[in-house]
Participant: 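Take a look at this one; I'll ask things after.
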Amino acid sequence: MLIPLLRERIDEILESLPLSEKVDYEIEIPPRKELGDLSSNVAMRLARVLRKDPMAVGLELAEKLKADTLFEKIEVVKPGFMNFFLSSETLRRVVKRVLEDGENYGKKDLGKGERVQFEYGSANPTGPFTVGHGRQIVIGDVLSNVFRELGYEVTREMYINDAGRQIKLLAQSLWVRYNQLLGLEMEIPEGGYRGEYLVDIARKVVEEVGERYKNVWNEEVERFFREKALSEILSNMKETLNKLGTSFDVYYSETSLIEDGTVKEVLSFLEEKGFIYQKDGAVWFKVSAFVEEEDKVLIKSDGSYTYFLTDIAYHYRKYKRGFRKVYDIWGSDHHGHIPRMRAAMKALGLPDDFFNVILHQFVTLKREGKVVRMSTRAGEFVTLDELLEEVGRDATRYFFSMMDPNTHLVFDIDLAKAKTMDNPVYYVQYAHARVVNLFNTAEKKGIAFVPGEGLELLGNEEERLVMRNLGIFESVLEDVAKSFAPNKLTGYLQTLAESFHTFYTKHTIVDPSNVALTNARLSLSLAVKTVLAKGLKLLGVTAPDRM
RNA sequence: GUGCCUGUAGCUCAACGGAUAGAGCGCUGGACUCCGGAUCCAGAGGUUGCGGGUUCGAAUCCCGCCAGGCACACCA
């Protein structure tokens, strides 16, 4: 609430000035605490428009603002930064607000109920989730949580690529495993799936049908093995999601788009508009009519559909379903797919801001200091499931949230397994547990806590810093949503936890000889606990009472 | 070869075009007989891959190199 409060004051002044153009400026957290609670570059930006000296402009602004009780003092320094020192009274209002709002603190209605969709985790259902999927799922999950918090109506969706060539290979691969279990000598087909998980599924098949399909291959058998593989793998995926503490609202099948006529609908629409043509026995889409890219095939010469076509149909269907913005989270290997999808969206006449992609870079696994290549086909990879088993849900989620999606991250398996990763999640969780413990102690010492009473006693340096940090929570959430960066939330929680740990170490909070001050400090601690719990919840990480 | 992403402390990562480039781990040294030491305080550690440019101001934007990842299918 602090940043909007300050912005309001500054805007008021700017509006009273005769300006030829709008002045954009930022309010930020100063790098060092000697530089105040909040700072702004407004004077420097305004100086550019007014063609005046930034320092002079800053001093003028400060003069107009300083009467406001919001501030204790305002400093204007070197290049023209304005540093705002908030009055303790202002800061205490933050605590009051957190206590009043409780778990609703930070909630907003920016989205005004707009229907948006996050699509992530989408994968060929040909094997277990990899660590890379884990990163994507955590990013998508956290962003969904934050958007929901900001007033959007969010649907989390996973697209199941259950059509196409790879599914046939999957069915064959499973069938081979099945026959191998029955003692036949067979080889996994070229390009097939060699992972151990298919052996496990094959074992179930043997239990179920015995030797009925031994050495028999026809359409009916293929359908049986396809259905079996898909349902087993999907149910394993859901189990993994469960371990990760999440699930999707919708699992959308690629096949269903073919069956319900969406693909046909899209095709005839594009044909009517003249965006497709025939060449070499295939049907092509005129990507080049929209962007500088090569045209792409929609229907192969053997009559089957490409992934591109069904994906266009999928997004067309998304719009029909009522989503006004969709956010697809893709691995960076799909970046080449973006321009042609954009072109297709345009061809369909969908709004420009409808289709959005958030790319994330790959996870590189390191074992014994060496890079491990992940490949589903070769069956050599560390699965998300294994990772969760090794390091647990909280650390996994926190770790993936911590990094900017756009960084190539190096995941050291040995470090993770040894649990010496020193994941900062413990640091944040510990702060939460500490507050809980304070209340246990207070109760033991017979102190009757009244939330919000005696706040006027708060005002030393450590308390002020904690209050300031509490007061920027909602701005952090907006930042996360604006830049699609969950790492801004983890960074914030660490900062808040740090300021609390420092406060805790330096001051006695539960002091029976000073009940009033104890009450004030417990109120502050409770506010910290509330925000930490809220932040951790958005990350999908537990906020333990004890550790 | 063309396009996208990345290059910051020994390692993993931060830093809306802003102030003295910050954390954690690791390293060195310290902390209340009292609320949990999974904590706190301090120190060492940097030519932000290299070279130009843009401006009041560049890790960030532009250009050129170098290095790594990814993509360039009638695969998904």
Participant: For the side chain of A/T441, counting heavy atoms from C-beta on, which of B/C35, B/C16, B/U12 is nearest?
Facilitator: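 Within the option list, the nearest is B/C35.
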Participant: Check whether any side-chain nitrogen or oxygen of A/R434 sits under 4.0 Å from OP1 or OP2 of B/G37, and answer yes or no.
Facilitator: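 For B/G37, OP1 or OP2 has a side-chain N or O of A/R434 closer than 4.0 Å.
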Participant: Please tell me which of A/R340 and A/P405 maps to the more 5' nucleotide of RNA chain B, matching each residue to the nucleotide holding its nearest heavy atom.
Facilitator: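 Between the two, 5'-proximity favours A/P405.
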Participant: What interatomic distance, in whole Å, is found between C1' of B/C65 and the corresponding atom of B/G30?
Facilitator: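 Between the two C1' atoms, the distance is 48 Å.
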Participant: Can you tell me the pairing partner of B/C27 across any strand shown, Watson-Crick or G-U wobble, with both distances under 3.5 angstrom?
Facilitator: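 B/G43 - that is the nucleotide pairing with B/C27, both distances being under 3.5 Å.
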Participant: Identify the nucleotide, in any strand shown, that forms a Watson-Crick or G-U wobble pair with B/C4, with both distances under 3.5 Å; if there is none, say none.
Facilitator: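 Result: B/G69.
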Participant: Any idea which of B/A38, B/U6, B/A15 is nearest the A/H408 side chain?
Facilitator: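 The answer is B/U6, which lies nearest to the side chain.
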Participant: When you measure from the side chain of A/V410, which nucleotide among B/G18, B/A19, B/U12 comes out closest?
Facilitator: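 The closest nucleotide is B/U12.
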Participant: Give me the distance, rounded to whole Å, that separates B/U54 from B/C13 when you measure between the P atoms they each carry.
Facilitator: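 Those two atoms are separated by 35 Å.
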Participant: Establish, with yes or no, whether the OP1 or OP2 oxygen of B/C35 is under 4.0 angstrom from a side-chain nitrogen or oxygen of A/N440.
Facilitator: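 No.
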Participant: Using a heavy-atom cut-off of 4.0 Å across all strands, would you classify A/V77 as base, sugar-phosphate, or nothing?
Facilitator: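 If one applies the 4.0 Å heavy-atom cut-off, A/V77 turns out to touch a base.
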Participant: Looking at B/A19, B/U39, B/C74, which one has an atom nearest to any side-chain atom of A/T505?
Facilitator: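 Comparing B/A19, B/U39, B/C74 against the side chain of A/T505, the answer is B/U39.
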Participant: With heavy atoms under 4.0 Å as the rule, sort A/D404 into base, sugar-phosphate or nothing.
Facilitator: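 Since only primed, P, OP1 and OP2 atoms lie under 4.0 Å of A/D404, the category is sugar-phosphate.
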Participant: Rounding to the closest angstrom, what is the interatomic distance between B/A14 and B/G24 at atom C1'?
Facilitator: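 B/A14 and B/G24 have their C1' atoms separated by 10 Å.
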Participant: Taking atom P in both B/A19 and B/G1, compute the distance separating them and give it to the nearest angstrom.
Facilitator: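 These two P atoms come out 38 Å apart once rounded.
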Participant: How far, in whole Å, is B/G53 from B/A58 if one measures between their C1' atoms?
Facilitator: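 Per the computed distance, 11 Å lies between those C1' atoms.
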Participant: Does the salt bridge (charged side-chain N to carboxylate O under 4.0 Å, His left out) test come out yes or no for A/K506 and A/E462, once each step is laid out?
Facilitator: CA-CA 8 Å; A/K506 195 141 179 194; A/E462 291 76 21; 3.2 Å; yes
Participant: For the C1' atoms, the ones on B/U8 and on B/A15, what distance do you get once it is rounded to whole angstrom?
Facilitator: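 Going atom to atom, C1' in each nucleotide, I get 10 Å.
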Participant: Reckon A/I299 touches a base, only the sugar-phosphate, or nothing at all at heavy-atom distances under 4.0 Å?
Facilitator: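 The answer is nothing, as A/I299 stays clear of every strand by at least 4.0 Å.
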Participant: Determine, for A/Y504 and A/R434, whether the Lys NZ or Arg CZ falls below 6.0 Å from the six-membered ring centre while staying within 45 degrees of the axis.
Facilitator: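 That pair qualifies as a cation-pi contact.
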Participant: So if I take every side-chain heavy atom of A/N406 and compare against B/C5, B/A15, B/A76, which nucleotide ends up nearest?
Facilitator: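 Minimum distance to the A/N406 side chain belongs to B/C5.
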Participant: Under 4.0 Å between a side-chain N or O of A/T502 and OP1 or OP2 of B/C41?
Facilitator: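 Answer is yes, contact under 4.0 Å.
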Participant: Counting only side-chain nitrogens and oxygens, does A/Y427 get under 4.0 Å of the OP1 or OP2 atom of B/C40?
Facilitator: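 So the side chain of A/Y427 is within the cut-off, an N or O lying under 4.0 Å from OP1 or OP2 of B/C40.
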Participant: State the pairing partner of B/G37; accept Watson-Crick or G-U wobble contacts with both distances under 3.5 Å, and report none otherwise.
Facilitator: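 Paired with B/G37, as far as the under-3.5 Å criterion goes, is no nucleotide at all.
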Participant: Determine: side-chain N/O of A/K78 to OP1/OP2 of B/G18, distance under 4.0 Å, yes or no.
Facilitator: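 No, outside the criterion.
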Participant: Under a 3.5 Å threshold, yes or no: a donor from one side chain and an acceptor from the other, between A/Y277 and A/D295?
Facilitator: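 A/D295 and A/Y277 do have a side-chain donor-acceptor pair below 3.5 Å.
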Participant: Should B/A21 form a Watson-Crick or G-U wobble pair with both distances under 3.5 Å, which nucleotide is its partner?
Facilitator: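 For B/A21, the partner nucleotide comes out as none, under the 3.5 Å rule.
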Participant: Could you label the plane-to-plane angle of the A/Y327 and A/F147 rings as parallel, tilted or perpendicular, counting under 30° as parallel and over 60° as perpendicular?
Facilitator: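 Geometry flag for A/F147 against A/Y327: tilted rings.
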Participant: Using atom C1' in both nucleotides, what's the gap between B/A21 and B/C5 to the nearest angstrom?
Facilitator: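 The same atom, C1', in both gives a distance of 23 Å.
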Participant: Pick the C1' atom in B/A71 and in B/U39, then give their distance to the nearest Å.
Facilitator: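 Each nucleotide's C1' atom is 47 Å from the other's.
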Participant: Between A/E157 and A/K318, is there a side-chain N and carboxylate O pair less than 4.0 Å apart?
Facilitator: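 Looking at A/E157 and A/K318, the cut-off is not met.
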Participant: Select one nucleotide: of B/G69, B/A14, B/A38, the one nearest the side-chain heavy atoms of A/Q361.
Facilitator: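 Nearest to the side-chain atoms of A/Q361, counting from C-beta on, is B/G69.
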Participant: Select base, sugar-phosphate, or nothing to describe what A/M403 touches, counting heavy atoms under 4.0 Å on all strands.
Facilitator: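 Sugar-phosphate: the residue A/M403, judged by heavy atoms under 4.0 Å, touches backbone atoms but no base.
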Participant: Could you tell me whether the side chains of A/N469 and A/T495 share a donor-acceptor contact shorter than 3.5 Å?
Facilitator: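 There is no such pair between these side chains.
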Participant: How is A/S332 classified with respect to the nucleic acid when contacts are heavy atoms under 4.0 Å: base, sugar-phosphate, or nothing?
Facilitator: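 Sugar-phosphate contact only - A/S332 comes under 4.0 Å of backbone atoms but never of a base.
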Participant: Give a yes-or-no answer on whether the side chains of A/S332 and A/H335 include a donor-acceptor pair shorter than 3.5 Å.
Facilitator: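 No - no donor-acceptor pair under 3.5 Å links their side chains.
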Participant: Identify the nucleotide, in any strand shown, that forms a Watson-Crick or G-U wobble pair with B/G64, with both distances under 3.5 Å; if there is none, say none.
Facilitator: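 Paired with B/G64, as far as the under-3.5 Å criterion goes, is B/C50.
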